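In this text, all values refer to a predicted model and were calculated from it rather than measured experimentally. Hydrogens, waters and symmetry mates play no part in the numbers below; they use all other heavy atoms, side chains included.
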Amino acid sequence: MISLTSYAFVSMMLFSIGVIGVVARRNIFVIYMSIEMMLNGINLFLVTFARYHFNMDPQVITIMVISIAAAEAAIFLSVIILLYRSRKSLDTDIFTTLTQGEKS
């Protein structure tokens, strides 16, 4: 049987890799995927402790977070496509302005 600390370690590693991806990368798609990895680390942590304490409430919250993340993914990916069409790049340094008329 796998221990509680093993699951907690994996969830902390997922969250840490996600934080490093958000801080170190400049591609907006990689940043988005890192945020999703952080979210999955938190979900694994919630489910682990729900199983440990024989409580179903965190598992219900995790299912709700996953369903909200699915809707958020559709919106965020469409925004990424629009940003790529307008600037022909996904580098975050290009997206410094929100005005329509300025081209950089």
| task | Could you tell me whether the side chain of Asn55 reaches within less than 4.5 Å of the side chain of Phe49, counting heavy atoms only? | result | no
| query | Is there a donor-acceptor pair under 3.5 Å between the side chain of Ser34 and the backbone N or O of Val30? | reply | yes
| Do Leu44 and Asn40 touch side chain to side chain, with heavy atoms closer than 4.5 Å? | no
| Is Phe45 reachable from Leu4 through a run of I, L, V, M, F, W or Y residues, each pair having side-chain heavy atoms under 4.5 Å apart? | yes
| Is the closest side-chain heavy-atom distance between Glu36 and Leu39 below 4.5 Å? | yes
| message | If you count every heavy atom of other residues, nucleotides or ligands that lies below 6.0 Å from Tyr7 atom OH, does the total exceed 12? | response | no
| When the ring planes of Phe29 and Tyr32 are compared, do they come out parallel, tilted or perpendicular, using 30° and 60° as the limits? | tilted
| task | Tell me whether Val23 is reachable from Ile35 by hopping between hydrophobic residues (I, L, V, M, F, W, Y) whose side-chain heavy atoms are closer than 4.5 Å. | result | yes
| note | In short, salt bridge (charged side-chain N to carboxylate O under 4.0 Å, His left out) pairs touching residues 22-34 with sequence neighbours left out are Arg26-Asp93
| request: Give the minimum heavy-atom separation between Met37 and Gly18, together with the two atoms involved. | output: SD-N, 4.0 Å
| query | Would Ile17 end up clustered with Ile42 when hydrophobic side chains under 4.5 Å apart are linked, directly or stepwise? | reply | no
| field | Nearest heavy-atom neighbours spanning Val22 and Ile31 | value | CG2-O, 4.0 Å
| message | With a 6.0 Å cut-off (strictly less than), is the heavy-atom count around CD1 of Ile2, excluding the residue itself, greater than 12? | response | no
| Matching residue for Asn43 among Ile66, Leu14, Ile63, Thr48 - test: side chain to side chain contact (heavy atoms under 4.5 Å, CB included) | Ile66
| request: For the residue pair Leu77 and Ile80, establish whether any side-chain heavy-atom pair is separated by less than 4.5 Å. | output: yes
| field | Rounded distance (nearest 0.5 Å) linking atom CZ of Arg51 with atom CE of Met56 | value | 9.5 Å
| Knowing that exactly one of Val60, Asp57, Thr62 qualifies, which makes a side chain to side chain contact (heavy atoms under 4.5 Å, CB included) with Leu46? | Thr62
